[in-house]
Protein chains: 2
Amino acid sequence: MTDVTLREVARASGCSVATVSRVLAGTRPVGAETARRVREAAEELGYRPNQVARALRSRSTGTIGLVLPQITNPFFPSLVREVEHALHAEGRAVLLADCDDDPEVEAARIADLLDRQVDALLVIAADGKRSRDAVEKAAAHVPLVLLDRGCGPGVADSVATDNATGMALVLDHLVTTGRRRICFVGAAGTGSAAVERLAAYEAEAGALLPHGSGRVELGDFSLEWGRTAVDRILPSRPDAIVCANDLLAIGVLQRLRQLGVDVPGDVAVTGFDDIPMMDLADPALTTVRQPVRALAAEAVHLLGHRLAGRNDGPRRSVRLAPELVVRASSAPRAPSALRASSAPRGASSAPSALRAPSVSSAEDTGSTRTPEVEQ
Amino acid sequence: MTDVTLREVARASGCSVATVSRVLAGTRPVGAETARRVREAAEELGYRPNQVARALRSRSTGTIGLVLPQITNPFFPSLVREVEHALHAEGRAVLLADCDDDPEVEAARIADLLDRQVDALLVIAADGKRSRDAVEKAAAHVPLVLLDRGCGPGVADSVATDNATGMALVLDHLVTTGRRRICFVGAAGTGSAAVERLAAYEAEAGALLPHGSGRVELGDFSLEWGRTAVDRILPSRPDAIVCANDLLAIGVLQRLRQLGVDVPGDVAVTGFDDIPMMDLADPALTTVRQPVRALAAEAVHLLGHRLAGRNDGPRRSVRLAPELVVRASSAPRAPSALRASSAPRGASSAPSALRAPSVSSAEDTGSTRTPEVEQ
DNA sequence: TTGAAAGCGCTAACAT
DNA sequence: ATGTTAGCGCTTTCAA
């Protein structure tokens with residue numbers, strides 16, 4: 001099983017290694033007959049070009065580094081998938097680096113990828129501030145595109161969801177369906193999603209609501225915080241709780257159910273991201289779906305641009321509009337069921353007798369986005 | 001930003017490239033003073049070894065190919081994470097290949113990875129039968145370990161969860177808590193998980209149950225099939241439904257709720273895998289947790305073994321025992337609530353008035369396994 | 001159109 | 001302990 005090299009193909013086909021290289025790489029015109037002989041010999045011997053040697057000589061590995069904070073964040077797998085497919089369609093391979101949400105690890109992984117001579121980097125920044133240094137340095141060496149999360153302006157090309165539009169869609173929807181006391185549960189960090197979604201909420205709510213924006217509770221992007229935030233927010237008697245991501249929304253739904261608060265009867269709840277299975281929450285979660293495939297395609301496109309050109313020119317920042325996915329958790333209240341907005345309290349209270357029949361059923365649960373896996 | 005090479009470090013430190021290489025790679029003893037000078041010069045110049053050149057010469061890229069069926073399968077991200085971390089701890093990098101559940105794509109991706117001179121392959125086989133050829137061929141070239149899913153015996157080293165033990169745990173638990181009419185919802189494919197879990201169910205149920213194993217419904221590993229299977233299975237009046245994975249179990253829970261069947265009052269439901277958020281299902285899902293970290297560690301260990309040795313010796317097949325995670329979906333029925341096992345039918349029926357208060361609440365939802373993500 | 005030759009940056013014999 | 005010398009397998013001048 002010793003590997004076949006160009007030399008052997010050259011010998012077998014009776015020409016020089018240079019010619020073989022030209023035929024196989026298609027770099028230059030080659031005589032038809034020679035080409036045929038070469039291809040035949042290569043086929044016969046089962047020749048496979050050694051990409052490492054090729055990379056050393058041509059100074060291009062055909063490899064892209066994909067750096068992300070945590071592959072277990074349920075939003076990322078679909079993004080990774082789309083990126084991987086888009087790159088593979090161009091004959092490139094993906095070196096994966098998971099940073100465990102740690103900017104220092106991130107810096108180390110980026111350095112490692114550069115040592116391995118990746119042609120370019122796709123980075124989902126771990127932190128809005130502390131990722132900046134490493135990203136900036138790396139961008140000086142290879143084309144680099146920030147994906148989904150930025151780390152400060154002007155650092156590198158970036159592609160992300162338009163969080164402002166997403167929040168506007170949510171608030172529009174809630175106001176249109178009669179909600180007026182709309183609160184917000186978000187994260188306090190410096191991540192671009194946390195910051196932008198909060199800002200958008202405040203801007204939109206301030207503009208659309210009679211009493212201005214409602215109560216805001218900031219913690220982190222965890223389910224646990226979603227639960228906690230409910231207890232802090234309920235006394236202000238909201239009729240809608242807008243969450244900065246789906247995990248928070250799930251936490252909120254859990255706690256509301258525990259407390260016997262009816263969703264969407266008493267309170268509407270919305271998320272952000274549309275991670276898998278959100279159509280299966282109870283009630284199914286209204287949320288903002290990030291345009292994952294388009295994000296990946298655009299990022300890869302930008303990389304291609306830089307790789308083809310001289311990696312200069314102005315930084316590009318692309319924002320893609322997301323889509324509102326309306327499900328049961330924000331269904332309008334039945335007009336006949338006007339009730340006190342105060343719900344029974346107590347962790348062990350029985351489910352609200354007022355709960356409307358689930359609106360999700362067939363239509364919502366039949367969503368085609370739920371993964372079907374063969375294992 | 002032109003890259004610094006060994007030559008320049010050699011010149012700056014006043015010695016030969018060979019010496020510099022030795023100092024930096026630590027291959028051979030070098031004089032203390034020389035070593036210091038070299039390191040200083042390297043540091044000063046910001047030297048970073050070119051891994052591609054190193055790989056070409058030393059015939060080792062320090063890169064492992066990770067081939068998987070679908071990164072969006074919710075079970076895989078955590079596995080990928082553990083593999084990535086374990087490999088990185090050894091200074092190796094991961095080339096990721098997502099196969100879209102297609103064995104032909106899989107074969108192509110494996111070939112591509114071999115061209116890129118990966119030192120070894122970690123393969124989660126896409127298909128129990130059709131993956132075999134490509135895997136076998138690849139295993140002739142580089143060390144290869146099958147992870148989580150096999151593709152026939154004796155093809156390569158393999159590491160997987162002990163499905164038989166997992167199923168035994170489930171059935172033991174159900175029988176111990178008084179269930180007697182235990183049915184099975186699984187997949188008909190040739191995947192090792194589908195086959196082994198079914199076989200284990202039949203063996204265990206046959207041994208433990210008075211009337212032998214119950215009704216078996218085989219489709220695919222999809223939520224949709226879980227829903228469908230419920231309608232087929234209910235007429236046989238089961239008091240427990242064992243599912244071959246969590247997705248099926250979620251589908252089953254959904255449909256049971258739609259039909260007003262009380263879980264766990266009327267029927268217990270169990271899953272397999274413990275994918276993220278199963279503690280958040282309603283009711284929280286009893287399932288079998290795969291030992292993800294140990295699987296990854298073992299696979300990486302096996303690879304290391306082959307990489308260190310001469311890649312011969314007998315094929316190893318390692319099975320790791322999973323753990324039963326008991327949650328609300330299989331809670332014992334309250335002895336006082338003996339009721340007819342026939343549930344009201346009809347898609348739009350209201351939630352069962354008999355439903356017990358959720359047992360999940362604080363303890364179950366407080367699980368530390370739910371990802372906390374910063375985005 | 002083809003061939004000969006010179007490396008890409010590094011490691012590993014073989015010298016010393 | 002260090003230097004010298006050959007390459008790893010390929011692409012790419014430069015000649016012919």
Side-chain angles (χ1 to χ4, degrees), chain A residues 1-39 41-42 45-63 91 112 114-119 141-142, chain B residues 1-39 41-42 45-63 91 112 114-119 141-142:
Chain A
M1 266 311 166
T2 174
D3 282 351
V4 183
T5 72
L6 258 196
R7 288 172 80 104
E8 307 176 50
V9 177
R11 188 160 35 223
S13 62
C15 58
S16 73
V17 291
T19 304
V20 177
S21 170
R22 286 166 190 140
V23 173
L24 269 34
T27 348
R28 281 188 175 265
V30 169
E33 172 61 14
T34 324
R36 201 191 49 71
R37 282 213 324 279
V38 168
R39 265 189 264 276
L45 298 175
Y47 170 73
R48 311 255 39 188
N50 180 326
Q51 301 294 346
V52 169
R54 175 176 287 191
L56 177 59
R57 183 63 234 240
S58 65
R59 323 198 71 72
S60 161
T61 54
T63 292
D112 179 64
L114 291 177
D115 289 350
R116 290 177 192 275
Q117 310 295 122
V118 292
D119 288 346
H141 289 275
V142 295
Chain B
M1 265 314 169
T2 175
D3 281 352
V4 182
T5 71
L6 257 196
R7 288 172 79 105
E8 308 176 50
V9 177
R11 189 161 35 224
S13 62
C15 57
S16 73
V17 290
T19 304
V20 176
S21 170
R22 284 166 191 142
V23 173
L24 269 34
T27 347
R28 279 182 174 272
V30 168
E33 171 60 14
T34 324
R36 201 189 50 70
R37 282 211 323 279
V38 167
R39 264 189 264 277
L45 298 174
Y47 170 73
R48 309 254 40 186
N50 181 325
Q51 300 294 348
V52 169
R54 175 177 288 192
L56 178 59
R57 182 62 237 234
S58 66
R59 325 197 68 72
S60 160
T61 54
T63 292
D112 179 64
L114 290 177
D115 289 350
R116 289 177 193 276
Q117 311 293 123
V118 292
D119 288 346
H141 289 275
V142 295

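Note on naming: letters A, B, ... go to the chains in the order of the sequence lines (proteins, then strands), and numbering restarts at 1 for each one.
Of the possible donor and acceptor atoms, none in the side chain of B/Arg116 sits under 3.5 Å from a partner among the backbone N and O of A/Gln51.
Each of B/Arg22 and A/Ala25 lies near DNA chain D, and the nucleotide nearest B/Arg22 is the one positioned closer to the 5' end.
Under 3.5 Å, the side chain of B/Arg7 and the base of C/dT11 form no donor-acceptor pair of N or O atoms. On a pure distance criterion of 3.5 Å, a polar donor-acceptor pair joins the side chain of B/Arg57 and the base of D/dG7.
Between D/dG9 and A/Arg54, no contact under 4.0 Å exists linking OP1 or OP2 to a side-chain N or O. Side-chain nitrogen and oxygen atoms of A/Arg59 include at least one within less than 4.0 Å of the OP1 or OP2 phosphate oxygen of C/dG9. For C/dC8, neither phosphate oxygen OP1 nor OP2 lies less than 4.0 angstrom from any side-chain nitrogen or oxygen of A/Ser58. Note on B/Ser21: a side-chain N or O is less than 4.0 Å away from OP1 or OP2 of C/dT11. Not one side-chain nitrogen or oxygen of A/Thr5 sits closer than 4.0 Å to the OP1 or OP2 atom of D/dC8. Considering only side-chain N and O atoms, B/Thr19 lies nowhere under 4.0 angstrom from the phosphate OP1 or OP2 of D/dT2.
Closest non-hydrogen pair, B/Asp119 versus B/Thr61, comes out as OD1-N, 3.0 Å.
Relative to the side chain of A/Pro29, the nucleotides C/dA4, C/dT1, D/dG3 differ in distance, and C/dT1 lies closest. Candidate nucleotides D/dG3, C/dC10, D/dC8 were compared by shortest atom distance to the side chain of B/Cys15, and D/dG3 ranks first.
Within the 4.5 Å cutoff, side-chain heavy atoms of A/Gln117 are placed close to those of B/Asn50.
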